[in-house]
Number of protein chains: 2
Amino acid sequence: MSTNENILSIFALGGLNEIGKNMYAIEYADDIIIIDCGNKFPDESLLGIDLIIPDITYLIENKDRVKALLVTHGHEDHIGGIPFFLKKLNVPVYATRFTLGLIEIKLKEHKLLRESELVEINASSKLAFGKIRVEFFRVTHSIPDCLGIVFRTPEGNVVHTGDFKFDLTPEQREERPDIHKMADIGNEGVLLLLSESTNAERPGLTPSEQMVADHLEVAFMNAERKIILSTFASNVSRVQQVVNAAYKTNRKLALLGRSMVNVVEVAIERGYLTVPDGMLIDQNDINELPPEKVAILCTGSQGEPLAALARLSTGNFRGVEVLPKDTVILAAGPIPGNEKSVTSIVDNFYAIGAKVIYGSGSSSGMHVSGHGYQEDLKLMLTLMKPKYFVPIHGELRMLHHHRLLAESVGVEQGNTFIINNGDIIDIEHGIARQTRHIPVGNTYVDGGDVGNVGDFVLRDRKQFSEDGMLIVVLTISKTEGKMLSEPETMSRGFTDSDFSELRKKVKQLTTRIVNELQEENRSERKVLKREIKKSIQQHVFNKMKKKPMVVPIIIEI
Amino acid sequence: MSTNENILSIFALGGLNEIGKNMYAIEYADDIIIIDCGNKFPDESLLGIDLIIPDITYLIENKDRVKALLVTHGHEDHIGGIPFFLKKLNVPVYATRFTLGLIEIKLKEHKLLRESELVEINASSKLAFGKIRVEFFRVTHSIPDCLGIVFRTPEGNVVHTGDFKFDLTPEQREERPDIHKMADIGNEGVLLLLSESTNAERPGLTPSEQMVADHLEVAFMNAERKIILSTFASNVSRVQQVVNAAYKTNRKLALLGRSMVNVVEVAIERGYLTVPDGMLIDQNDINELPPEKVAILCTGSQGEPLAALARLSTGNFRGVEVLPKDTVILAAGPIPGNEKSVTSIVDNFYAIGAKVIYGSGSSSGMHVSGHGYQEDLKLMLTLMKPKYFVPIHGELRMLHHHRLLAESVGVEQGNTFIINNGDIIDIEHGIARQTRHIPVGNTYVDGGDVGNVGDFVLRDRKQFSEDGMLIVVLTISKTEGKMLSEPETMSRGFTDSDFSELRKKVKQLTTRIVNELQEENRSERKVLKREIKKSIQQHVFNKMKKKPMVVPIIIEI
């Protein structure tokens, strides 16, 4: 993309038509500013992939113009890609105190902390990059210290909401949304609004976090023995409420799970969480106290098989045992796709004889969403009164619902852009158009490997995972081209009720093909392999209706 | 289990602590009667498995005592295992007219129809097997012609509800639940009730199918162009409502998807569905009519990737295209686990520019559940007034909720048995005890293979699917034990940014091990393989944090 002095460009590298890997960019003249750099967790079709991060080829090609990474808040889908990003582009990272705490944990793990430039900001900070001035406003979400951003450009103001809901009674007073500042920005004039769409399908207004406080207290009072509660570690308001309920009911609190310990430490140290002296106990002391004096706060609310909650549910957490009449509370809703893992953990606790308090969405009273429902979204649109609107942070149907909401509060029909990652919105003389596109995509992280696992590897994994594999090894004389021994056959992930019969058949087929091709003088390795593969695959499919991967290996001696 | 003249035994071969593969049994003296024989669809951890059916080893061992298979209704989780069952045990199958129609389709596919003994029954039928007399009662569900069963045994009456809800205004009048007969059975006395638990977590009463009718009609009236509607083929009431709405709005109806065509054919032929003459059109005629005169009824409401709806959403259904302003209606709720596949189809239709009417549960008004909510379940318990209660057909947390409901309407604490598949409830002199157990489990169907795919095959598939595979081939001289060529290395589903480096390292490691073991005179194949595997695995893990399957192959020449 060539630099153009008079064009303002806005695009996403991730976060559109998907939930996860949020990364947006604003470009004016020689400056590119990035907003967030998240990851996404793969679904089961991406076999073996650990993490997905945005493909940042475009940014690497325009390295010198990338001036800053601004981070709206500390959730994984907004910060999870940062270490990989900084390895390629060492630009300064701007974030609030709490968000920086979480980013630092990540950078430490990747041994990048020392060389990274981290700049602490708050809702009153003012920054400038070339002709773009940047200010912020406080929004409420399910993690402390969240920001919306306003970019003052020569073309006009662009607003990015971050993730938000309008909770007027959050657990911490300082987390209240700054509605006055938002109103001022709207009055000043907003050229384009980027607003998050996660709950655009849900009617109504998000319930307040206060609802959870009341339910938690009742559950703590009614609990006969140990309490085991799981929530997102980063939901510090929720953690604070658990601390409060434990305090009121005279229980000590133990933390289980690495991210719970890490985040609580950051939160206490930076002043976002207040825990009475002596309340926190080590996990080794849980069994020293009477069960009615103990509460456990743990990770794993999404059913992650290796996290504390899942291990507790199967009796595989060393030193801590859930017993009959203990109370298990799931204070988090399952993210779409995790429902089955979560309910199977609930079943495990029932099998133990524990009391379980759970429920989808807010039905148990133990969880409220951090993302605004339709009325929250309409309020943001009303405050900002944008000329142009780009719904972000959501799958396609959510973006469509969000467009309807925008139109319902006055955004002109035709002024909403439903775009894809990589689609560029160019604004010149106050007019927005979408015509250009940059290449974007997914970068897969697989173990220590970033970006090398491609489609062919995944295709192999998929074929194998469904039907297994048959390996056929031939040894052939280099000089004469003759087979030196009988073909060897082995299988993995594949069985037949009569494997010796199959083995015999594979030998016959292979031998015949080798002989035929030799007679025709076509016995190059490539042809041999192709023909062997084809004929074995056909035989197996006809016989068993399966399509194992067939791997012929030819050894020349 | 030895035959005992005076004991009544009840157990499940499937359906407890799971949703799916329902199969229950009642035993008295020399007679075993089976209720239902369903299948279950595997979750993604069972790589490549097509179907799960109950393990019927116990029944095969007691072949001569198995007298009948009674089928409550025609859903897959109640009839899907029948062909596999009949291949092992050719006993008569008793079912209603509609259910038999669906079973016949299955048996035809398995080429078993001619040799099977199928007996048509209805809600007034009376059967007897040894000392057990069997009667039936009509229940309402989401498929026509459903039965509950009462077994009159010398110990007392045992009732099996089948799947049910209390819909007092079903689409078809003759589908109304026979509450008077249930009340009579309750008055007569019920020793033990087996009642389904699918929706035991949901408060309230299931909405009536009538709600759907109203919403459908409005949607059909508002549709500007083609309508594409997907629902369960077996939900004939829903299909009837679609037919009615199409009739009222002057649209012709095309059926897409094999099971839709099959089931509608059975339903019309057997009198469960009334379609006006000339309304059904061939799929090839869809494009011949103006779009506002066409509705399409198709399979795939669960997001199945090869079914009609998914293919329509990606433009891969030959001859039929969904266009902007067409209306797509999902008249079925996603079964837990299918949410993501369904929403991605919704997104595809939005991308086309279609209008999409969807929603979880009954939020769109286009779907109501066929399984009773808490108030339905309490009504059944109230009508039957059982002494003993066994909640069936559900995962553990559902069974627990159902127990609480039973106690709330008067079943004595301690008289509810929450049991597992294989646990036997024995009743003697009116007293129920649970002490004995038969072996039960899952039988996997994988392609043409039934029961051979075991854990080791699945373990291989899993390891490969996550980290791929490295194959190392050695050729060794039979006589001298020396390597005849350099070890060959290949990989599948696995990459390294520097594969040639890895290949070199694998050769080094392998060569060293072969030499060392030969010097120590320990170079038997088994030891060689084990040592090669261990050292390569270790190297790859240290370098890349991955654990590919390592397969050493040794060829002796």
Show me the side-chain donor-acceptor pairs of residues 333-341 of chain B shorter than 3.5 Å, one per line, residues at least two apart or across chains.
unit_1: B:N338; atom_1: ND2; unit_2: B:Q302; atom_2: OE1; d: 2.9
unit_1: B:E339; atom_1: OE1; unit_2: B:G337; atom_2: N; d: 2.8

**Item:** Over 12 non-hydrogen atoms of neighbours within 6.0 angstrom of NZ in A:K462
**Value:** no

**Item:** Part of A:I418 within contact of chain B (heavy atom distance under 4.5 Å)
**Value:** neither

**Asked** What is the distance from atom CG of B:L396 to atom OG of A:S344, rounded to the nearest 0.5 Å?
**Response** 11.0 Å

**Message:** Once rounded to the nearest 0.5 Å, what's the spacing between atom OG1 of B:T343 and atom CE of A:M398?
**Reply:** 7.0 Å

**Message:** Please give me the minimum heavy-atom distance between B:R461 and A:E466, naming the atom from each residue.
**Reply:** NH1-O, 3.2 Å

**Interchain contact, B:D446 with chain A, by part (heavy-atom threshold 4.5 Å)** = both

**Prompt:** Any side-chain heavy atom of B:I553 within less than 4.5 Å of one from A:M490?
**Reply:** yes

**Message:** Can you tell me which portion of A:S491 sits under 4.5 Å from chain B's heavy atoms? Options are side chain, backbone, both or neither.
**Reply:** neither

**Request:** Supply the atom-to-atom distance B:R492 CZ to A:I471 CD1, rounded to the nearest 0.5 angstrom.
**Result:** 9.5 Å

**Prompt:** Any side-chain heavy-atom pair from A:E201 and B:Y358 closer than 4.5 angstrom?
**Reply:** yes

**Asked** Got a sec: does the NZ of B:K529 have more than 12 other heavy atoms crowding it under 6.0 Å?
**Response** yes

**chain B contact via A:N348 - which portion, at a heavy-atom distance below 4.5 Å** = neither

**Request:** Look at atom NZ of A:K325 and say whether more than 12 heavy atoms of other residues, nucleotides or ligands are closer to it than 6.0 Å.
**Result:** no

**Request:** Check whether more than 12 heavy atoms from other residues, nucleotides or ligands sit under 6.0 Å from atom NZ of A:K88, and answer yes or no.
**Result:** no

**Residue among B:D467, B:V473, B:D460 with most heavy-atom pairs under 4.5 Å to chain A** = B:D460

**Item:** B:R397 side chain near A:F349 side chain, heavy-atom distance below 4.5 Å
**Value:** no

**Message:** Please classify the contact of B:I555 with chain A as side chain, backbone, both or neither, using a heavy-atom distance under 4.5 Å.
**Reply:** side chain

**Prompt:** Just one of B:E18, B:E395, B:H400 clears the side chain to side chain contact (heavy atoms under 4.5 Å, CB included) bar with A:D347, so which one?
**Reply:** B:E395

**Prompt:** Which distance, rounded to the nearest 0.5 Å, do you find between the CE of A:M549 and the CZ of B:F464?
**Reply:** 4.0 Å

**Message:** Is B:Q463 close to chain A through its backbone or its side chain, or both, or neither, when contacts mean heavy atoms under 4.5 Å?
**Reply:** neither

**Prompt:** Any chance CD of A:E109 has more than 12 other-residue heavy atoms, nucleotides or ligands included, within less than 6.0 Å?
**Reply:** yes

**Request:** Step through the shown structure and confirm whether more than 12 heavy atoms of other residues, nucleotides or ligands are within 6.0 Å of NZ on A:K547.
**Result:** no

**Fill in**
The interface call for B:I49 against chain A, heavy-atom contacts under 4.5 Å, is neither

